[in-house]
Amino acid sequence: MHPVVQIDQLAGHADQTVTLAGWVYNARVSSKVVFLVVRDGTGLCQCVVGKADVPPEIFDRAAHLGQESSLRLTGSVHADPRAPGGYEIHVSDLQAVHSTTDYPISPKAHGIDFLFKHRHLWLRSRRPTAIMRIRHTVIDAIRRFFNDHGFLLVDTPIFAPSAGEGAQTLFEVDYFGDPMYLAQTGQLYLESAALAYGRVYCFGPTFRAEKSKTRRHLTEFWMVEPEIAWAELDDLLAVAEDFIVSIVERVLANHREDLETLGQDVSCLERIRKPFYRLTYSEAAEILRGPRARDLLEKDLAERQARIAELTARLEAQEKERSGPGVKKHRQDQLAQEILDGREELADLEEQVRNIPLHMQLAAGFEWGKDLGGSDETIISRLHDRPIFVTHYPRECKAFYMKRDPADPRVVRNFDLLAPDGYGEIIGGSQREDSLDALLERMAMENMPTEPYEWYLDLRRYGSVPHGGFGLGVERTVAWLCGLKHIRETIAFPRLMGRVYP
Ligand code: 4AD
Ligand code: MG
């Protein structure tokens, strides 16, 4: 028995004999040779079993391994630039550990619902693998950034007795007979930690009972929140900017191949440099009402309609070919997948064509005082090729803890960071209200009871200082970096309003 080598380590074993432990990703069988593409979680490797090179029972075993059968095999490593990963194994011995038949996710066509119902298996496929690997790096880059910049990790509770953000998205749980909520944010606790330790962060699962079925909302997601004592709005923007740049750099340095697997254009990410754009809310509102927003959406509408016509014609031709005589099995499978993908794209385009007029109306009639909606963020973010800070929102549309701007009391010192290319908000943050009186006044305005927040008010009673922070959503960030249409693919087991299985 030779030592088991991981596929991503094969480069160090050229011309040696090694053992791989993995699963059959794909198999091609002919009378003289079996090509097994084996995956082991670190990569794919083509393993060649020649009839002339192995005992007959081994050749027979290799020829009958179904997709996702688990196996151990031994063979010599050969550099081959044409092979995926650059190495090929010439097999001398092979042991089936578990022989599988009828693996449900075959190279045949599968719709997105089917794939999510089989998420526990789908994770093995190429696309989810690339996304999970990038997510891992994003999380690692997040932790490193804060650890390297003098932030102390303080874990905040998941059971929260009161709302940290809007009360309408609270998940209530029974806590020994009393109502309790799942954390929407660690922020309020973190403010207390910032006044204790200076620069702190928390990183954990976050829960929001979002009833809207959008591409950007999960009911359970991961948020990292830094909080900094003695910081004002501009200090926070500077940290957020460096933070995002460091994440993008790490992803580019480690995942060019994964990004390619996902069809993501790396030049979008290579453009992410300091300084990011800065707009006030009022400037953003002007853009929404102005000609650039209108032209963008009119162009969108025309493009979508043209694509619908093109796609409809293509689908018709493909349906015809598929039902025609003498179509080979391989071609049939290919057509089935293309038709399925085409239909999904078509449904998506039709929905967009229905929505664009509404989005145009919302933008053109945007009134000062309203929060930016998802479609408004998309417009602003599509008009920019680097991230955009939108600052100074009207006080009424933002959370009670945000600091009122002394220079213009109608607005707060907050910011949202919009990712470019239509991805919208990935960070929300603000300087916090540090005056006890101003905070009490705002809470009264919102009809908030003070009793559950006495501890929070204490932070303004004992050594209050200017401070602030922000929260970055991991899943929205990963969706942006990977160029994904929907946030649900960015987490192994997504939780959405209509989806909790598996
Ligand atoms: O803007 P939000 O609600 O800000 C806060 O929670 C603050 N307490 C953060 C702070 O200042 N410490 O959420 C922050 C980020 C959003 O920008 C978004 O990336 C993500 O969390 N997020 C969601 N991601 C997925 N699904 C949802 N339902 C999300 N809600 C917010
Ligand atoms: Mg927000």
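Indexing begins at 1, ligand by ligand and atom by atom, following the structure's order. These figures come from a predicted structure and were not determined experimentally.
- Residue-ligand proximity: R216 is placed with a non-hydrogen atom under 4.0 Å from ligand 1.
- Under a 4.0 Å heavy-atom criterion, I487 is in contact with ligand 1.
- One finds no salt bridge joining E260 and R256 here, because no Lys/Arg side-chain nitrogen approaches an Asp/Glu carboxylate oxygen to under 4.0 Å.
- Here's the thing with R208: one of its N/O atoms is less than 3.5 angstrom from an N/O atom of ligand 1.
- By the criterion of a heavy-atom distance under 4.0 Å, neither the backbone nor the side chain of R495 is placed next to ligand 1.
- A side-chain donor from one of Y277 and D385 sits under 3.5 Å from a side-chain acceptor of the other.
- Interface atoms of ligand 1 facing R432, defined by a heavy-atom separation under 4.0 Å, are 10 (C), 11 (O), 12 (N).
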**Request:** Could you give me the CA-CA distance, side-chain angles and deciding distance for F400 and Y453, then say whether ring pair (Phe, Tyr, Trp, His ring centres under 6.0 Å) is met?
**Result:** CA-CA 12 Å; F400 76 98; Y453 295 95; 5.7 Å; yes

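- At a heavy-atom cutoff of 4.0 Å, ligand 1 is contacted by the side chain of T185 but not by its backbone.
- Contacts of H217 with ligand 1, taken as heavy-atom pairs under 4.0 Å, involve both backbone and side chain.
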**Request:** Start with the C-alpha gap between R307 and E303, add the side-chain angles, then the distance that decides, and say whether salt bridge (charged side-chain N to carboxylate O under 4.0 Å, His left out) holds.
**Result:** CA-CA 6 Å; R307 176 76 185 141; E303 275 174 18; over 6 Å; no

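- Side-chain contact check for Q67 and S106: no donor-acceptor pair (N or O, by modelled atom type) lies under 3.5 Å.
- For ligand 1, none of its N or O atoms has an N or O atom of E227 under 3.5 Å away.
- Ligand 1 places these atoms under 4.0 Å from at least one heavy atom of M223: 6 (O), 13 (O), 14 (C), 15 (C), 21 (O).
- Heavy atoms of I427 found under 4.0 angstrom from ligand 1 belong exclusively to the backbone.
- Side chains of D265 and S267: a donor on one and an acceptor on the other come within 3.5 Å.
- Atoms of ligand 1 lying under 4.0 Å from at least one heavy atom of G428, given by number and element, are 1 (O), 9 (C), 10 (C), 11 (O), 17 (O).
- F415 pairs with exactly one of Y281, Y393, F389 by the ring-ring contact (aromatic ring centres under 6.0 Å, His included) rule, that one being F389.
- Distances between N or O atoms of I426 and those of ligand 1 include at least one value under 3.5 Å.
- Heavy atoms of E475 stay at 4.0 angstrom or farther from ligand 1.
- Proximity to F470 (heavy-atom distance under 4.0 Å) selects the following atoms of ligand 1: 9 (C), 10 (C), 11 (O), 12 (N).
- Ligand 1 has no atom lying under 4.0 Å from any heavy atom of K398.
- Taking the six-membered ring where the residue is Trp, F114 and H110 present parallel rings, their angle staying beneath 30° rather than reaching 60°.
- Closest heavy-atom approach to atom 15 (C) of ligand 1 within the set G468, G471, A479: this belongs to G471.
- Ring centroids of Y201 and F145 are separated by 6.0 Å or more, keeping the two rings apart.
- With a 4.0 Å heavy-atom cut-off, ligand 1 is reached by the side chain of F221 but not by its N, CA, C or O.
- The cationic atom of R476 (NZ for Lys, CZ for Arg) does not lie both less than 6.0 Å from the six-membered ring centre of Y423 and within 45° of the ring axis.
- In terms of polar-atom proximity, Q184 is not counted as a contact of ligand 1, lacking any N or O under 3.5 Å from an N or O of the ligand.
- Proximity of F207 to ligand 1, defined as any heavy-atom pair under 4.0 Å, is not found for any part of the residue.
- In this structure, of Q187, E165, E210, R476, the residue bringing a heavy atom nearest to atom 4 (O) of ligand 1 is E165.
- Of the candidates R304, R343, R215, R215 is the only one forming a salt bridge (Lys or Arg N to Asp or Glu O under 4.0 Å) with D348.
- Each of the atoms 7 (C), 8 (N), 9 (C), 10 (C), 12 (N) of ligand 1 lies under 4.0 Å from some heavy atom of E225.
- For ligand 1, the atoms sitting less than 4.0 Å from at least one non-hydrogen atom of Y401 are 7 (C), 8 (N), numbered in the order shown with element in parentheses.
- Taking the N/O/S atoms of E425 in turn, the shortest distance to the Mg ion (ligand 2) belongs to OE2.
- Aromatic ring pairs are classed by plane angle as parallel below 30°, tilted from 30° to 60° and perpendicular above 60°; the pair F146 and F470 is tilted.
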